[in-house]
Amino acid sequence: MLENILSLGFIQAFIELYGAEPAKNQLIIQKTRSEFEGDRTIVMFPFVKVAKRSPEQIAAEIGAKMKQSIDIVENFNVIKGFLNLSVSDHYWLNFFNQNHQNPQFGLKEQTTELPVVVEYSSPNTNKPLHLGHVRNNLLGYSVSEILKANGHKVVKVNLVNDRGIHICKSMLAWQKWGNGRSPENEDIKGDKLVGEMYVRFDKELKLQLAEMPVAGIDEDALLKKAPLMIEAQEMLQKWEAGDPETRLLWKTMNTWVYAGFDETYKRLGVDFDKIYYESQTYLLGKDLVKEGVESGVLFKKEDESVWCDLTADGLDEKLLLRADGTSVYMTQDLGTAELRANEYHPSKLIYVVGNEQNYHFDVLKLVLLKLQREWADAIEHLSYGMVELPQGKMKSREGTVVDADELMDEMVLTAKTMTEELGKSDNLSETEAARLYNQIGMGALKYFILKVDPKKTMMFNPQESVDFNGNTGPFIQYTHARINSLLRRSVEYGTVTTDNSLGKLLPKEKSLVLQLHNFPEILAEAGANRSPALIANYLYDLAKDFNQFYQEIPILKEEDATKLNFRLLLCTFTQQVLKSASALLGMEMPEKM
RNA sequence: GGUCUCGUAGCUCAGUUGGAUAGAGCAACAGCCUUCUAAGCUGUGGGUCGAAGGUUCGAAUCCUUCCGAGAUCACCA
């Protein structure tokens with residue numbers, strides 16, 4: 001809006017002055033850096049050729065013209081080739097008056113019919129969720145919320161890997177060494193129990209391998225000969241054949257796992273509109289492959305295995321069906337993608353999956369396009385970076401995995417300790433206090449993870465991540481609570497009216513209004529870039545601006561009724577944007593803290 | 001080896017299609033609570049933006065090469 005007014009005004013002035021159109025794609029209106037006077041800046045360098053004048057001269061001439069012709073341009077100054085424009089308080093106040101009451105400020109109504117399908121989480125059922133899953137889940141949830149706020153219809157889906165050799169390992173270990181253990185009879189989360197069995201399998205397998213003769217055999221071959229591996233394979237075959245006993249055990253153990261996952265998801269605050277299970281989708285895709293062989297897009301080798309030749313695209317040959325006709329991961333992903341395409345006709349099919357699978361998704365899309373599936377263009381891999389620990393990568397075998405539940409426990413516990421030390425929970429009931437600790441602990445965790453650009457590898461240092469000062473979730477929450485306290489007290493100062501006749505803004509009032517003005521733009525960018533980090537950074541800037549305003553300018557103590565009234569409205573507006581923006585990250589804002 | 005990603009302050013991170021003297025937080029140091037919540041605010045110190053070339057009015061940002069880190073190239077998922 002503001003940018004439109006200014007760029008139209010600029011073009012107009014340029015034509016009048018120089019009789020030629022400026023290159024519109026070169027016209028960049030940016031926010032003026034705080035060390036200079038003005039609100040918006042236009043760089044003149046790109047226009048010197050057409051205008052045949054020095055940048056300073058163009059800036060001076062156009063600045064004068066714009067000041068004269070655009071009523072919201074109150075003043076201008078020129079520094080080197082930069083034209084700095086001061087926008088009138090009238091414009092900012094007008095913006096303020098039109099939006100401060102709107103609880104949906106910045107959020108768009110749903111405008112699209114075709115949904116965006118976002119797949120995230122996608123756990124294996126043989127072990128509990130860990131820190132890596134936490135990043136995945138928080139990202140998937142937040143990106144979905146951000147897309148909704150940008151007017152998209154969103155369907156969140158989860159594809160659970162509930163079958164395969166992994167699960168068989170856990171099942172086998174339970175049969176052999178489980179001694180009838182169950183979550184019910186020993187008060188343990190089901191996913192943890194199944195995870196323990198998986199670890200046990202690995203341990204026993206290692207013992208077995210150590211005793212086997214290694215002469216002349218490579219590792220893979222050795223592994224295939226291990227009796228435990230053979231047993232696990234047999235179990236998988238039984239499962240595929242539908243053997244009732246195997247299926248029953250499988251079902252039982254998966255049920256344990258789901259109960260555990262549900263608990264973790266609930267604490268994380270994530271949810272799904274639809275859950276797919278691989279046991280129901282793993283046979284999909286075979287028809288697609290068959291079709292590809294018939295049309296000559298795919299080819300068979302002598303052993304009857306089916307491949308796709310991607311060497312022309314700079315990739316390798318990719319296996320799609322084994323010699324025995326069974327499918328691989330890629331096969332079923334082809335099928336599952338088609339299933340979703342038919343089910344939802346999505347405008348986008350977003351997969352929130354780690355960047356270790358970049359190659360997989362390149363291939364997935366390519367193969368589908370080769371198979372003439374035009375909708376595959378909608379496939380988008382939201383490829384996020386790994387989470388590393390100070391010791392390096394997380395490795396389950398080395399026991400360096402950070403468990404999701406334990407992590408949340410720790411965050412909440414630290415929040416409790418911290419809050420009690422500050423004496424902020426003294427007047428709270430036990431329930432209220434518990435709720436607060438949870439909000440703070442989870443807020444700290446979510447903000448810490450989401451403030452980093454999804455694409456980047458991030459470092460998770462357990463000590464630093466629990467910090468509650470500075471650029472953290474609790475800082476945002478504190479600001480919200482602070483405003484809330486102010487508004488509670490404001491009742492004593494009479495009725496706040498929405499009528500506002502303020503004429504002039506103080507510097508800190510103005511920065512805050514400008515920051516609020518930024519929100520819609522930031523939200524749009526966060527949607528386009530699939531980046532909760534932009535929202536997180538914005539929240540921090542907004543909270544910081546508010547705290548500076550709060551520190552410097554009296555609010556309740558202001559005696560002028562118009563000023564008092566305006567400042568209270570400014571508080572309400574800020575609080576509300578803090579709340580709706582942090583909701584996009586899945587962060588709750590406490591009323592008091 | 002092929003392909004791809006990343007290198008910004010001691011540490012964790014911003015830096016939006018190339019724009020002004022590269023910014024925050026943490027950590028260190030110095031201030032601010034008899035006045036609206038000090039989980040806050042203000043200030044100081046801290047940088048060869050991995051290195052070298054190139055493109056141009058202008059490069060942390062684009063191109064090339066090199067150095068360093070990581071991912072991937074499975075009849076695992």
Side-chain angles (χ1 to χ4, degrees), chain A residues 25 28 30 32-33 35-36 41 43-46 48-49 55 79-82 84 122 124 161 163-166 220 278 303 305 307 314-316 318-324 326-330 332-333 354-360 362-363 383 385-386 388 390 392-393 415 418-419 421-422 424 440 444 448 451-453 455-461 463-465 467-472 474-479 481-490 493 521-522 525 528-529 531 533-534 536-537 540-541 543-544 546-548 550-558 567 571 592-593:
Chain A
N25 57 351
I28 303 157
Q30 47 190 309
T32 305
R33 298 178 55 152
E35 62 262 40
F36 302 104
T41 295
V43 185
M44 292 297 136
F45 294 105
V48 292
K49 273 185 190 150
I79 297 171
K80 295 198 239 172
F82 298 87
N84 299 322
S122 314
N124 292 342
N161 177 15
R163 53 133 245 137
I165 191 73
H166 307 86
D220 281 359
E278 283 198 16
D303 66 355
S305 58
W307 297 72
L315 304 174
D316 300 317
K318 182 73 193 175
L319 176 87
L320 296 177
L321 277 184
R322 296 190 184 101
D324 63 6
T326 57
S327 47
V328 293
Y329 176 45
M330 183 61 72
Q332 65 141 329
D333 250 16
N355 61 15
E356 55 199 353
Q357 293 196 37
N358 286 351
Y359 181 78
H360 174 78
D362 287 348
V363 172
S383 161
M386 299 289 99
E388 285 183 4
K393 279 196 73 177
M418 204 82 151
T419 309
E421 263 174 34
L422 291 167
K424 300 234 181 189
I440 296 174
F448 185 85
K451 77 171 177 189
V452 180
D453 184 336
K455 292 188 300 260
K456 292 197 175 174
T457 304
M458 68 172 287
M459 175 63 65
F460 187 90
N461 186 325
Q463 269 88 49
E464 283 174 23
S465 335
D467 201 345
F468 292 179
N469 298 316
N471 188 358
T472 65
F475 170 76
I476 317 285
Q477 293 173 319
Y478 174 72
T479 308
R482 206 177 207 190
I483 296 176
N484 209 60
S485 150
L486 203 66
L487 295 174
R488 261 197 315 270
R489 286 171 143 251
S490 74
Y493 291 78
E521 186 190 329
I522 300 284
E525 241 174 84
N529 295 320
S531 174
L534 297 178
N537 289 332
Y540 178 65
D541 290 338
K544 206 169 167 56
F546 176 82
N547 282 314
Q548 286 173 9
Y550 177 89
Q551 195 77 22
E552 191 169 304
I553 299 174
I555 300 164
L556 296 177
K557 279 169 291 172
E558 175 58 55
R567 287 172 199 165
C571 288
K592 285 184 195 172
M593 75 181 270

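A note on names: the letters A, B, ... follow the listed sequences, proteins ahead of strands, and every chain is numbered from 1.
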Of the nucleotides rC41(B), rA20(B), rC75(B), which one has an atom closest to the side chain of T41(A)? rA20(B)
Which part of the nucleic acid, if any, lies within reach of D453(A) when heavy atoms closer than 4.0 Å are counted: base, sugar-phosphate only, or nothing? sugar-phosphate
For T472(A), answer base if it contacts any base atom (sugar-phosphate contacts may also be present), sugar-phosphate if it contacts only those atoms, and nothing otherwise; contact means non-hydrogen atoms under 4.0 Å. nothing
Looking only at side-chain atoms of L422(A), point me to the closest of rA39(B), rC26(B), rG19(B). rA39(B)
From the set rC75(B), rA77(B), rC57(B), return the single nucleotide nearest to any side-chain atom of F45(A). rC57(B)
Should the side chain of T479(A) and the base of rA39(B) be counted as holding a donor-acceptor pair, with the cut-off at 3.5 Å? no
Would F36(A) count as stacked on rA20(B) if the rule is ring centres under 5.5 Å and plane angle under 30°? yes
Here's a test of your reading of the structure: between L486(A) and Q551(A), which maps to the more 5' nucleotide of RNA chain B? L486(A)
Decide, applying a 5.5 Å centre-distance limit and a 30° plane-angle limit (both strict), whether F82(A) stacks on rA20(B). yes
Against the side chain of I28(A), the closest entry in rU37(B), rU17(B), rG25(B) is rU17(B)
Check whether any side-chain heavy atom of I553(A) lies under 4.5 Å from a side-chain heavy atom of E558(A), and answer yes or no. no
Tell me what V43(A) touches on the nucleic acid: a base, only sugar-phosphate, or nothing, going by heavy atoms under 4.0 Å. base
Under 4.0 angstrom, heavy atoms only, what part of the nucleic acid is I553(A) near: base, sugar-phosphate, or nothing? base
Kindly point out which of rC75(B), rU37(B), rC76(B) is positioned nearest to the side chain of Y478(A)? rU37(B)
Looking across every strand, which nucleic acid part, if any, lies under 4.0 Å from M386(A) by heavy atom: base, sugar-phosphate, or nothing? nothing
Same-atom distance (P) from rA77(B) to rA27(B), integer angstrom: 47 Å
Counting any heavy atom closer than 4.0 Å, what does E278(A) reach on the DNA or RNA strands: base, sugar-phosphate only, or nothing? sugar-phosphate
Would you check if F448(A) and F460(A) make a side-chain contact, meaning some heavy-atom pair closer than 4.5 Å? yes
Just the rounded figure in Å: distance from P of rC36(B) to NZ of K592(A). 16 Å
When K49(A) and L315(A) are each assigned the nearest nucleotide of RNA chain B, the 5'-most assignment goes to L315(A)
What's Y329(A) touching, base or sugar-phosphate or nothing? Going by heavy atoms closer than 4.0 Å. base
Do C571(A) and F546(A) have side chains that get closer than 4.5 Å, going by heavy atoms? yes
Quick note, Q357(A) side chain, CB onward, closest among rA14(B), rA77(B), rC26(B) is rA77(B)
Can you tell me the Watson-Crick or wobble partner of rG25(B), both distances under 3.5 angstrom? rC11(B)
Which listed nucleotide (rA14(B), rC41(B), rC26(B)) is nearest to the side chain of K456(A)? rA14(B)
Report which part of the nucleic acid E525(A) touches: base, sugar-phosphate, or nothing (heavy-atom distance under 4.0 Å, all strands). base
Considering Watson-Crick and G-U wobble pairs with both distances under 3.5 Å, what does rC41(B) pair with? rG31(B)
Parallel, tilted or perpendicular: rings of Y540(A) and F475(A) (30°, 60°): tilted
Mind telling me if rC13(B) is syn or anti? Syn here is a glycosidic angle within 90° of 0. anti
Between NZ of K451(A) and C1' of rC13(B) the distance, given in whole Å, is 6 Å
Over all strands shown, is N124(A) touching base, sugar-phosphate only, or nothing at heavy-atom distances under 4.0 angstrom? sugar-phosphate
Reckon N84(A) touches a base, only the sugar-phosphate, or nothing at all at heavy-atom distances under 4.0 Å? base
Using a heavy-atom cut-off of under 4.0 Å over every strand shown, decide if N358(A) touches base, sugar-phosphate, or nothing. nothing
Using a 3.5 Å distance criterion without hydrogens, assess whether the side chain of T326(A) forms a donor-acceptor pair with backbone atoms of R322(A). no
Pair N358(A)-S383(A), side-chain donor/acceptor within less than 3.5 Å: yes
When we call it a touch if two heavy atoms are under 4.0 Å apart, what does I440(A) touch: a base, just sugar-phosphate, or nothing? base
Mind checking Y550(A) for me? I need base, sugar-phosphate or nothing, with any heavy atom below 4.0 Å counting as a touch. base
Any donor-acceptor pair under 3.5 Å joining the side chain of K455(A) to the base of rU5(B)? no
Among rU37(B), rC36(B), rA77(B), find the nucleotide with the atom closest to the side chain of V328(A). rA77(B)
Could you work out which one of rU12(B), rU35(B), rA38(B) sits closest to the side chain of K557(A)? rU35(B)
Any base atoms under 4.0 Å from P55(A), or only sugar-phosphate, or nothing? Heavy atoms, all strands. nothing
Compare the minimum distances between each of rA20(B), rG40(B), rC76(B) and the side chain of N469(A), then state the nucleotide with the smallest one. rG40(B)
